[in-house]
There are 2 protein chains.
Amino acid sequence: MSVVAKAIELLGYFSKEMPEVGLSELCRMAKRDKATTYRHLSALEALGFIEQNRITKAYRIGPAVLPLAELRETTVPRREGALSPLKALADLTGETAHVAVLSGQSLHSLVSRESTAHSTRAVMDVRQLPLHATASGLCALAFGPTDLMDTAIVHLHPFTAQTATTQDAVAALTKLAQETGFAESKGSFESDIHSIAVPVFDHQGQLAGTVAVAGVANRMTPELEQKTRTGLVKASRDITRNWGGTIPSHIDVLWRKSLEADQQKELAP
Amino acid sequence: MSVVAKAIELLGYFSKEMPEVGLSELCRMAKRDKATTYRHLSALEALGFIEQNRITKAYRIGPAVLPLAELRETTVPRREGALSPLKALADLTGETAHVAVLSGQSLHSLVSRESTAHSTRAVMDVRQLPLHATASGLCALAFGPTDLMDTAIVHLHPFTAQTATTQDAVAALTKLAQETGFAESKGSFESDIHSIAVPVFDHQGQLAGTVAVAGVANRMTPELEQKTRTGLVKASRDITRNWGGTIPSHIDVLWRKSLEADQQKELAP
DNA sequence: TAGATCGGTTCATTTATTGAACCATTATTG
DNA sequence: CAATAATGGTTCAATAAATGAACCGATCTA
């Protein structure tokens with residue numbers, strides 16, 4: 001692992017819940033030596049990526065990230081295009097909706113929207129999503145570049161008892177997603193969270209990212225699941241359009257079939 | 001210089017004018033070896049800080065900066081508070097207005113607003129502002145922590161023929177700013193740009209950042225300069241208030257005196 | 001077709017990174 | 001209130017990682 005990666009990884013330990021973190025705390029979280037962490041922090045501080053609270057000595061994200069984000073937004077305005085479909089999805093389901101983008105071999109959280117319908121809800125505080133353990137990740141494996149699986153199986157970290165930790169198990173989940181058009185994670189990343197994800201595509205019909213709904217498990221009834229699937233498909237269509245992409249026809253077919261099957265089930269009993 | 005710094009410095013070469021840059025171009029700009037640059041880029045790509053255009057092979061800023069910027073703004077919401085005073089300032093002067101924040105020992109561009117009054121205008125594409133060569137930098141030296149000067153004099157890079165390159169010259173400009181309440185740069189960073197800056201303060205009356213107007217030199221008449229000074233003082237008062245800060249009374253006195261002197265001059269001829 | 005440029009790779013040399021042990025301060029606590 | 005255990009920060013010899021000249025194959029240009 002390069003120093004660059006180690007240093008920048010530290011930025012991942014800051015969150016809305018913990019916007020300021022001290023040196024020792026950060027060492028524990030990153031499981032690194034104090035001197036090392038300190039030098040990494042100092043380097044990031046000199047660059048304005050983090051800054052230090054002069055009183056508490058704790059660190060927080062610095063102002064240097066702002067112009068970079070602005071540049072990214074004006075160059076590739078994906079966030080804006082994802083925002084309003086995501087809001088609609090969160091409102092429809094009453095759960096947390098989020099969009100992640102595929103960059104190289106990894107999946108990054110782009111924007112998330114929490115519903116205010118319930119006091120308990122999923123909070124998206126992870127920036128890089130594990131491919132094998134999240135609905136979004138499995139969705140990327142199912143519909144993204146094939147070599148993504150090679151990266152995924154390097155570290156099959158067991159986040160919960162439900163996490164798929166063998167190549168075969170991950171492959172099976174991926175296959176299921178490819179057959180239905182929906183990727184699912186039932187407590188495989190966080191134990192009480194049940195997620196469903198669908199792919200978003202770029203102008204070449206390649207996977208650009210994923211839209212997902214992360215729901216509190218005990219609220220995820222078959223009815224809500226169906227509503228979620230319908231909402232996800234609409235959100236993916238909207239975001240794909242906003243990003244100037246097109247949904248491959250075979251994906252369209254998959255979704256139509258899955259949604260029709262759901263409706264059948266609803267009419268049957 | 002640490003690898004972390006070298007790698008992250010590469011991010012500085014992307015701009016609105018050049019949002020996508022190839023490997024060789026980047027090597028020339030950063031004056032570094034190709035292999036080194038390539039490895040730095042690869043590291044940043046793996047972290048999502050940059051991504052590669054699969055067709056042109058050129059690199060651009062990646063999506064990983066977006067959640068960081070969002071976290072920064074929710075933690076330290078300064079951008080929002082600066083935006084509308086900045087807009088007013090740009091409209092008043094017809095030139096480019098911008099705000100920078102002091103983070104540790106360096107000054108970072110926070111947000112800039114260009115006026116549409118003229119087709120030629122200053123473009124703020126630098127993220128870290130040199131302390132000795134810009135109005136904002138001199139302003140920070142004049143009203144910020146005293147140890148800032150130590151950092152400033154380490155590299156007195158001659159950006160133009162007008163740049164102050166001796167400690168004495170920088171000290172003289174700083175002293176002038178301290179006496180008038182306004183820091184000025186006449187072509188010391190970019191030859192045709194004339195800038196004026198004033199400080200913005202935090203809740204302790206310490207320097208939090210700077211507001212500045214960067215004007216095209218030949219448009220900067222004494223009349224526009226006076227209008228700019230008045231506008232800057234208003235902008236600083238508004239932004240300082242929005243950030244929950246207070247302007248020290250001695251600064252208030254300085255500004256009043258300077259603006260009154262300006263009015264005298266205007267009435268005299 | 002010959003030369004130039006591009007992105008990307010290799011490997012011996014060099015240089016920066018590492019972490020145990022060390023301070024100096026600042027809370028905690030019996 | 002003194003003892004203890006945190007905290008942030010620093011040092012330096014051992015070591016692991018970064019470096020860059022030279023190289024490759026693919027495009028592009030004249």
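Throughout, a chain's letter reflects where its sequence line sits, starting with A, and its residues are numbered from 1.
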Novice: Shorter than 3.5 Å, N or O on both sides, protein versus nucleotides 16-23 of chain C: list them out with atom names.
Specialist:
unit_1, atom_1, unit_2, atom_2, d
C/dT17, OP1, B/V3, N, 3.2
C/dT18, OP1, A/K6, NZ, 3.2
C/dT18, OP2, A/H40, NE2, 3.1
C/dG19, OP2, A/T36, OG1, 3.2

Novice: Below 3.5 Å is the cut-off: list the nitrogen or oxygen pairs between protein and nucleotides 26-30 of chain D, distance only.
Specialist:
none

Novice: If only atom types and distance count, is the side chain of A/Q52 paired as donor or acceptor with the main-chain N or O of A/K57 below 3.5 Å?
Specialist: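 Yes; at least one donor-acceptor contact below 3.5 Å.
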
Novice: Can you list the residues that meet the ring pair (Phe, Tyr, Trp, His ring centres under 6.0 Å) rule with B/F189, with sequence neighbours excluded?
Specialist: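 Result, ring pair (Phe, Tyr, Trp, His ring centres under 6.0 Å) vs B/F189: B/F159.
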
Novice: Determine yes or no for a side-chain-to-main-chain donor-acceptor pair under 3.5 angstrom, with A/T160 supplying the side chain and A/E190 the backbone.
Specialist: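 It does not hold such a pair.
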
Novice: When you check the phosphate oxygens OP1 and OP2 of D/dG8, does a side-chain N or O of A/Y38 lie under 4.0 Å from one of them?
Specialist: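 So the side-chain polar atoms of A/Y38 never come under 4.0 Å of the phosphate oxygens OP1 or OP2 of D/dG8.
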
Novice: For B/R127, check salt bridge (Lys or Arg N to Asp or Glu O under 4.0 Å) against everything at least two apart and list the hits.
Specialist: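 For B/R127, no residue satisfies salt bridge (Lys or Arg N to Asp or Glu O under 4.0 Å) once neighbours in sequence are set aside.
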
Novice: What integer distance in Å separates B/L23:CG from D/dG20:P?
Specialist: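 My rounded result for the distance is 14 Å.
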
Novice: Rounding to 10 degrees, work out the angle separating the end axes of the helix from C/dT1-D/dA30 to C/dG30-D/dC1 (five pairs an end).
Specialist: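 If I round to tens, the end axes sit 40° apart.
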
Novice: Using whole Å, what does the distance between atom P of nucleotide D/dA18 and atom CG of B/L10 come to?
Specialist: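 Answer to the nearest Å: 14 Å.
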
Novice: A/T163 side chain to A/S188 main-chain N or O, any donor-acceptor pair under 3.5 Å?
Specialist: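 Yes.
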
Novice: Which donor-acceptor pairs under 3.5 Å do side chains of residues 137-153 of chain A form with protein atoms, sequence neighbours excluded?
Specialist:
unit_1, atom_1, unit_2, atom_2, d
A/T151, OG1, A/Q105, NE2, 2.4

Novice: Establish, with yes or no, whether the OP1 or OP2 oxygen of D/dA6 is under 4.0 angstrom from a side-chain nitrogen or oxygen of A/S24.
Specialist: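 No, A/S24 has no side-chain N/O under 4.0 Å of OP1/OP2 on D/dA6.
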
Novice: B/N242: which residues meet the side-chain hydrogen bond (donor to acceptor under 3.5 Å, both in side chains) condition with it, sequence neighbours left out?
Specialist: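 Result, side-chain hydrogen bond (donor to acceptor under 3.5 Å, both in side chains) vs B/N242: none returned.
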
Novice: What side-chain hydrogen bond (donor to acceptor under 3.5 Å, both in side chains) pairs are there with at least one residue in residues 20-44 of chain B, not counting sequence neighbours?
Specialist: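 Residue pairs with at least one partner in residues 20-44 of chain B: B/E9-B/R32, B/E20-B/N53, B/E20-B/R60.
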
Novice: What is the distance, to the nearest angstrom, from the CG atom on B/L26 to the P atom on C/dG7?
Specialist: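 Going from CG in B/L26 over to P in C/dG7 covers 10 Å.
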
Novice: Could you list the residues that satisfy salt bridge (Lys or Arg N to Asp or Glu O under 4.0 Å) with A/E45, not counting sequence neighbours?
Specialist: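 Counting only residues at least two positions away or on another chain, A/E45 forms no salt bridge (Lys or Arg N to Asp or Glu O under 4.0 Å).
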
Novice: Please check if the side chain of A/S2 supplies one atom and the backbone of A/A5 the other of a donor-acceptor pair under 3.5 Å.
Specialist: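 Checked: pair present.
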
Novice: Check each residue of residues 42-60 of chain A for a non-hydrogen atom within less than 4.0 Å of any atom in DNA chain D, then write out the ones that pass by number, or none.
Specialist: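 Contacting residues: A/Q52, A/K57, A/Y59.
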
Novice: Test of understanding: with ring pair (Phe, Tyr, Trp, His ring centres under 6.0 Å), list the residues that count as partners of B/Y59, not counting sequence neighbours.
Specialist: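 For B/Y59, no residue satisfies ring pair (Phe, Tyr, Trp, His ring centres under 6.0 Å) once neighbours in sequence are set aside.
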
Novice: Going by the rule salt bridge (Lys or Arg N to Asp or Glu O under 4.0 Å), which residues pair with A/K6 if we only count those two or more places apart in sequence or in a different chain?
Specialist: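 With sequence neighbours excluded, A/K6 shows a salt bridge (Lys or Arg N to Asp or Glu O under 4.0 Å) to no residue whatsoever.
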
Novice: For A/D252, does the CG atom sit with more than 12 other heavy atoms under 6.0 Å from it, leaving out its own atoms?
Specialist: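 More than 12 heavy atoms, drawn from other residues, nucleotides or ligands, come within 6.0 Å of this atom.
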
